[in-house]
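Step one of this worksheet: look at the structure below.
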Amino acid sequence: MGLLDRWLKGFLDDKAKERPAEPVPQAPPAPPRVAVSGAAGAVLVGDEPVPAPEPAPEGRDQLDEVLKRARARLTLDAGGRRYAEGHELQMELSSLDAGGRSKAADALLTDALLASPSVELRRQLAERLLRRGDRARAATLLVRLAEPTVPEQHAVFALQALGEIAEADGDVELARQRYEQVLAIDVGATQAKTRARRLRRDEDLQRGDDGRRVLARFLGARAAGSRYSVIDEVGRGGAATVFRARDRLIGREVALKIFHARGSAEERRARIVHEARIAGSFEHPHIVSILDLDEGRDLLVMALCEGGSLQRRLQQEHKLRHSEAVDLGAVLLRTLHDIHQAGQLHLDIKPSNLLFHEGQLMLCDFGTAGMKELGALAGTRAYMAPEHRLLGSADARADLYMAGLVIAEAIEGHLPAFGAAPSLTALAPGPRRRALEAVLGRLCARDPRDRSANGGEAAEQLLLAGALPLTDAEGAALYHHVESLAAREGSAAQARLAASAMVQALRVPAAP
């Protein structure tokens, strides 16, 4: 009968209710210390030996009396809790084990957990069940021991044991995750490190991953601490590495940006705060949200974008369809316009900082803008505007220059030469190509005074260029139609027609 059953029976037993109440002594003596040792039941009361109790009636095991006496003391009050957490219960368990009653000892320990939520008792029972091979029951206890609120030494034990159970059950991925969770708490856990490295090596050999990424994941797990379970590396830059991780407290997957240990800790933490402040000031559908920061661990917690980066797409597909590149470019330019309207810059527009989530383009990593606020020059040189690269001077037009390069790269599959106007050889000659080259040429003008300064207007021009006819024949027909309409409207309309780069792109250029 379990503890709760006995407790309920005490309320339902009519005979118990009819018993006269015993007088309550005014000064009850402290209970004697009772110890039962072995099956014979040698007894100590206080510090003096006394004769052993009379043997149990014929047919009854002396250990049955030990078990009954112990269970009677496991009451749902302070006394029962003290007994459950004290030395006397451990002696009773030893007596049962010595008498070959280990399963009864397990049951007694289970009852003790009802009287006390002790982490030590839960671990003790889990260890007993593991020794007897009862993995299913042990796993239930171990999951509770692995919770973030449990002291680290018990969490490490539980996660290690859960990893071994998962490995025995053939779930290699879960086993590896458990071992890496151990390393996130204690990077010096040799057994977990050995097992995780072996499982990860086998998996990486199948996927073709190299040792550098394996090491990066271990370092990421160490830096993330006990709250986050590092799953995989997402991307790496000069200043930080981004990992896919699971928040153990909330249960959601996040992106962890863990900064490399370069420079002084004060400078690094100032940069983290600046980046979080800039990115966190926006609630924008195309800017990756900052969820949290941990200055002590040099990390930012960001929303996870499941679709990978534009860089990965270009690596896999070489280039995008020009219509898709135009649509993505317009989203990027409008997002930059919103950033500039808020008085901020980005200063590191490049394919690896453009992510996809549920089909939407997302801009991340405001770290370079944060460094500029701190007086440092940084960025990715291949995408830097000339004045930014050569003079360290940058404003909104530097962002738009980088956006123009990214759009050209997405269409062509490679960057234009530094300082050269984009040439879209991936498109056949015609009005659309001429118009797109004109828009991108203005975005990427070498002199910032010749460059587009408004991302919203540049986005409209880009979309309009992408909608023009592909062939010269279609362009000429559309031009003559527009020309006739302007002639009807008068000289002002004709002047606007002559000044419009889009309209002029419809015309077949004169032969040189």
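Scope of the values below: all heavy atoms of this structure, side chains included, with no hydrogens, waters or symmetry mates.
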With heavy-atom distances below 4.5 Å as the criterion, would you say the side chains of [X] and [Y] are in contact?
X    : Y    : answer
L345 : I339 : no
V301 : D294 : no
V406 : Y383 : yes
V439 : M502 : yes
L174 : L162 : no
L125 : L141 : yes
Q344 : F282 : yes
F356 : L328 : yes

Exercise for review: Check the surroundings of atom CZ in R144: do more than 12 heavy atoms from other residues, nucleotides or ligands lie under 6.0 Å from it?
Suggested key: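 Counting neighbours around CZ of R144, 12 or fewer heavy atoms of other residues, nucleotides or ligands fall under 6.0 Å, so no.
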Review point. Do other residues, nucleotides or ligands put more than 12 heavy atoms under 6.0 Å from the CD atom of E283?
Key: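 Count not over threshold, so no.
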Output side-chain donor-acceptor pairs under 3.5 Å for residues 411-427, partner residues at least two apart or in another chain, one line each.
{"residue": "E412", "atom": "OE1", "partner": "T425", "partner atom": "N", "Å": "3.3"}
{"residue": "E412", "atom": "OE1", "partner": "T425", "partner atom": "OG1", "Å": "2.7"}
{"residue": "E412", "atom": "OE2", "partner": "T425", "partner atom": "N", "Å": "2.8"}
{"residue": "E412", "atom": "OE2", "partner": "A426", "partner atom": "N", "Å": "2.6"}

How many angstroms lie between atom [atom1] of [X] and atom [atom2] of [Y], to the nearest 0.5 angstrom?
X    : Y    : atom1 : atom2 : value
D292 : L300 : CG    : CG    : 9.0 Å
H337 : L332 : NE2   : CG    : 13.5 Å
R178 : S229 : CZ    : OG    : 8.5 Å
S102 : L129 : OG    : CG    : 11.0 Å
D395 : L347 : CG    : CG    : 9.0 Å
H346 : N353 : NE2   : CG    : 5.0 Å

Review point. Just by distance, with hydrogens left out, do Q124 and E120 show a side-chain donor and acceptor under 3.5 Å apart?
Key: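 Absent: no donor and acceptor within the cut-off.
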Exercise for review: State whether a side-chain donor-acceptor pair under 3.5 Å links Q191 with T194.
Suggested key: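 Checked: Q191/T194 side chains show no N/O donor-acceptor pair below 3.5 Å.
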Expected output: side-chain [X] to main-chain [Y] donor-acceptor under 3.5 Å:
X    : Y    : answer
S116 : S118 : yes
H388 : M384 : no
R81  : A115 : no
R246 : G251 : yes
R432 : P469 : no
H340 : L336 : yes

Ion pair check, [X] and [Y], cut-off under 4.0 Å:
X    : Y    : answer
E387 : R451 : yes
K257 : E275 : yes
R82  : E85  : no
R507 : D472 : no
K350 : D365 : no
R137 : D134 : yes
E324 : K319 : no

Review point. Residues two or more places apart in sequence or in another chain: which of them pass side chain to side chain contact (heavy atoms under 4.5 Å, CB included) with A175?
Key: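 Result, side chain to side chain contact (heavy atoms under 4.5 Å, CB included) vs A175: A166, E167, Y179, L199.
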**Study point:** Nearest heavy-atom neighbours spanning L74 and A112
**Key:**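 So the two residues come closest at CD1-N, 3.8 Å.
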**Study point:** Derivation and outcome, salt bridge (charged side-chain N to carboxylate O under 4.0 Å, His left out), residues E460 and R334
**Key:** CA-CA 9 Å; E460 294 303 317; R334 286 170 174 163; 2.7 Å; yes
Practice item. Sequence neighbours left out, what passes salt bridge (Lys or Arg N to Asp or Glu O under 4.0 Å) with R122? Give chain and number order. Key: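 For R122, no residue satisfies salt bridge (Lys or Arg N to Asp or Glu O under 4.0 Å) once neighbours in sequence are set aside.
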